[in-house]
Every structure is written in C-alpha cells, then in structure tokens.
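These notes are about the structure you will find just below.
Numbering of ligands and ligand atoms starts at 1, following listing order.
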Amino acid sequence: MGKLVVLSVLVVVLAAFVGERLIAFRNITLAFRELTKKHLPNCQLIEGIDFGSEDVFILEEGLAFISTGLKYPGMPYNPDAIGKILLLDLHSGVHPVELNIKEDFDTSSFNPHGISVYTDERDGSIYLFVVNHPHGSSQVDIFKFVEEENALLHLKTIKHELLHHVNDIVAVGLESFYATNDHFLNTELLQNLEVLLQFTWCDVVYYSPEGVKSVMGGFSSANGINISPDKRYLYVSDIMNHSISVLEIQKDHTLSRVKEVAMGSLCDNIEVDAETGDLWVGCHPNAFKFFLNDPNDLPGSEVFRIQNIHSEEPLVTQVFSDDGSMLIGSSVAARYGGKLLIGTVYHKALYCDLS
Ligand SMILES: *[C@@H]1O[C@H](CO)[C@@H](O)[C@H](O)[C@H]1NC(C)=O
Ligand SMILES: *[C@@H]1O[C@H](CO)[C@@H](O)[C@H](O)[C@H]1NC(C)=O
C-alpha cells in the first residue's frame with residue numbers, strides 16, 4: 001500500500017473514533033433529553049442565594065446548613081460568587097443568615113462544596129464537615145457549630161493525596177468520614193478526556209486519623225455520598241453512569257457492592273430521610289445544557305425520591321422538574337416536614353410544599 005492510502009485509512013479511522021466519542025459524550029450527558037416542568041405548590045426562593053446552594057444538611061430541629069458560592073473548575077460559576085455557609089431556620093421562612101467563621105481560617109479562598117454533619121451523641125455537639133477547594137485544591141475542613149453565636153469554629157483542615165478531587169463527604173465520627181473523588185486526572189483537558197473515554201478511575205476514600213484508604217473504585221465519577229439511618233450502607237451517585245450504588249460497610253470500613261439503581265439522570269447529592277430511609281436526590285436531567293449554561297437554552301432541574309432502595313424493586317419517583325425558567329442545575333433536595341428544600345450548583349434555591 002502507498003503511504004497516502006495508509007494515511008487516508010488512518011484519518012478515516014480517527015474521524016470515526018472521534019465521531020463515536022462525540023455521540024458517546026452526548027449519551028453520557030443526556031444531551032438528547034427534553035426538559036420538562038413538574039412543579040410543586042407554593043415554591044419560594046431562598047433570599048440572597050443567587051450563586052449556588054450546592055449542598056444542604058437539615059438538622060432534626062429544622063435548621064438547614066447550605067453551602068453557597070462554589071467555583072469548580074470545568075463547571076460554570078459566577079466570578080462574583082463568595083464562598084459561605086448559610087444557616088436557614090426552616091420554621092421562620094426563607095431568610096438565611098451567614099455563619100461567621102472563627103479562629104484561624106482563610107475565608108477569602110473559602111470554596112465550599114459537599115457538606116455533612118456529625119452529632120456527638122455524648123453532649124449533642126454538632127460538627128460540620130465541608131469539602132473546600134481553596135485555589136482549586138481539595139481539602140476537608142471540620143467546624144464546630146456554635147448556635148448561640150451563629151458561628152462555625154474551625155477545628156481542623158484535612159489534606160491527603162488520596163483526597164485529590166473530593167466532591168462530597170459523609171461524616172461517620174468526630175474526625176472520620178467517607179469521601180468521593182469525582183475525577184482522577186489533574187488538568188481540565190485530561191478530565192474531559194477521562195469523561196470522553198469513559199474511564200472508571202474514581203473512588204470512595206475512607207479517612208480517619210488512624211489511616212486513610214481507597215475503599216471502593218470503579219466509578220466513572222463518584223459524586224454525592226450518604227449513609228443509611230442504621231449506618232450499615234452507603235449510597236454513592238456515579239453521576240456519569242446515571243446510577244446510584246448501594247454499598248455495604250464492612251467492619252474494617254471497606255465497602256462491598258450490593259447493587260446499582262439506574263436513574264436515567266445525572267444525579268448529584270443524596271440526602272437520606274432519617275424517618276423513612278428514603279433517598280432524596282438532586283439531578284441534572286441534561287448535563288450537556290448544564291455545562292453550556294446558555295441563557296437562550298437553559299439547563300433544567302430534576303428531583304427524585306427513591307423508596308425501598310434495599311428491596312427487590314426500589315421505587316424511583318420524579319418529584320420535581322423544571323426547564324430552567326424557575327431553577328437551574330439542581331444538585332440537592334432535602335425534605336423537612338411536608339416541605340422540600342432544593343439547592344443548585346450555581347443558581348438559586350427553592351423551598352416548596354410537597355403536596
Ligand atoms: C448512544 O445511545 C444510543 C441509544 O441508547 C445507543 O444505541 C448508542 O450505541 C450509543 N452510542 C454510543 C457511542 O455510546
Ligand atoms: C452503571 O449503571 C448500570 C445500571 O444502569 C449498572 O448495571 C452498572 O453496574 C453501573 N456501573 C457502575 C460502575 O456503577
């Protein structure tokens with residue numbers, strides 16, 4: 001064969017490969033999905049939240065922690081966003097206060113992402129664990145919540161090479177947690193390739209002062225993580241695989257796979273209903289639109305409830321959806337009484353009646 005023929009064949013093969021991967025990327029991001037509107041009654045916007053409410057945690061007595069102002073490489077964000085933790089008393093409406101951060105802590109580079117709460121059963125002390133990305137890096141900061149002062153007392157910063165692209169955490173002790181990594185490679189370009197080539201190199205990491213280990217790998221992108229009310233199972237969203245994994249916690253803190261639930265959406269944070277054990281999940285129905293964030297073709301929102309996840313037939317119900325006219329990029333949903341709080345990656349937050 002002449003050189004020209006070989007070259008032509010190579011070009012055709014390469015073009016076919018690129019074309020195939022572009023279709024795969026549209027499949028992964030569900031670019032073909034039409035956005036729908038399924039609204040809940042009496043929705044109110046949470047005051048002062050315009051640049052994200054990526055994760056929330058609601059305490060039993062109705063106080064909600066909300067992380068806002070995330071600036072995550074590779075995702076849209078408003079340059080004016082300021083990283084803060086807000087506290088919203090769900091009994092008194094939709095007016096959150098900013099929690100003051102005390103002690104030695106750099107608030108100017110605060111870039112909060114996933115959050116989790118650990119309550120010390122012995123004295124009722126509440127500890128807030130925050131995934132933080134100062135200057136794009138990953139660390140976990142632990143704070144003590146001082147309710148009388150609307151303050152967070154910074155206790156500790158945890159950095160570790162295994163905690164390299166942390167998205168979310170679930171606290172399981174005073175200083176221990178499980179964390180998800182949503183990427184494996186370092187630069188934005190390589191991370192795009194990671195998604196495009198569908199590598200499954202992401203993992204869940206267990207951290208405690210006694211040791212740190214990767215306890216479950218094989219995720220294309222591990223995102224939201226949470227724990228069952230009986231503390232026996234973890235739930236992890238593999239956002240690029242459109243699935244939620246159920247993992248059983250072993251005595252040595254390693255995990256074993258129980259099953260995956262197909263979601264048909266790109267699911268972000270997972271909240272677990274303490275009363276019922278139901279999962280509430282904020283998802284991106286069309287992540288192609290989410291990444292583009294085109295004002296003329298807005299990304300949407302979607303919330304699911306999963307009931308009976310441990311049974312043979314988990315019941316997945318779409319509770320809320322929107323075409324972006326009301327809420328863009330829902331990343332979390334949590335029930336309190338008969339109401340639902342819905343947060344977003346880089347947009348607003350809603351508080352709605354469930355029926
Ligand atoms: C994209 O999705 C369609 C429909 O599910 C499927 O038939 C096709 O094989 C997928 N293509 C790629 C490249 O993943
Ligand atoms: C991806 O999702 C499918 C179900 O949709 C599941 O069978 C498969 O195990 C999932 N892969 C991973 C790595 O979770």
* V212 reachable from F129 in the ILVMFWY side-chain graph, under 4.5 Å edges ->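 Per the 4.5 Å side-chain linkage, F129 and V212 are co-clustered.
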* To do: Examine F105 together with F110 and report whether their ring centres are nearer than 6.0 Å.
  => yes
* Protein contact for atom 9 (O) of ligand 1 (heavy atom, distance under 4.0 Å) -> no
* Could you tell me whether atom 5 (O) of ligand 1 has a protein heavy atom closer than 4.0 Å? => no
* Check each atom of ligand 2 against the heavy atoms of A262 and keep those under 4.0 Å away; list them by number with element. =>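 With A262 as reference, the close atoms of ligand 2 come out as 5 (O).
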* Heavy-atom contacts with G218 under 4.0 Å: which atoms of ligand 2 show up? List them by number with element. =>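 In order of numbering, the contacting atoms are 13 (C).
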* To do: Taking only Lys NZ, Arg NE, NH1 and NH2, and the carboxylate oxygens of Asp or Glu, determine whether K339 and D353 approach each other closer than 4.0 Å.
  => yes
* To do: Ignoring hydrogens, just give me the one of N27, I23, L22 whose non-hydrogen atom is nearest atom 1 (C) of ligand 1.
  =>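 Nearest heavy atom to atom 1 (C) of ligand 1 lies in N27.
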* Asked: For ligand 1, which atoms, with element, lie under 4.0 Å from some heavy atom of E20?
  ->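 That gives atoms 13 (C) of ligand 1.
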* Using the ring pair (Phe, Tyr, Trp, His ring centres under 6.0 Å) rule, take Y346 and F290 through it: C-alpha gap first, then chi angles, then the decisive distance, then the call. => CA-CA 10 Å; Y346 52 81; F290 171 83; 5.2 Å; yes
* To do: Considering heavy atoms of the protein only, find what lies nearest to atom 7 (O) of ligand 2 and give residue, atom and distance to 0.1 Å.
  =>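 The closest one turns out to be E260 OE1, 4.4 Å.
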* Starting from atom 2 (O) of ligand 2, find the nearest protein heavy-atom neighbour and note its residue, name and distance. =>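 Nearest protein contact, heavy atoms only, for atom 2 (O) of ligand 2 is N241 ND2, 2.4 Å.
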* Geometric cation-pi criterion, R26 with F291: 6.0 Å, 45° -> no
* Asked: Without hydrogens or angle criteria, can the side chains of E54 and N269 be said to hold a donor-acceptor pair below 3.5 Å?
  -> yes
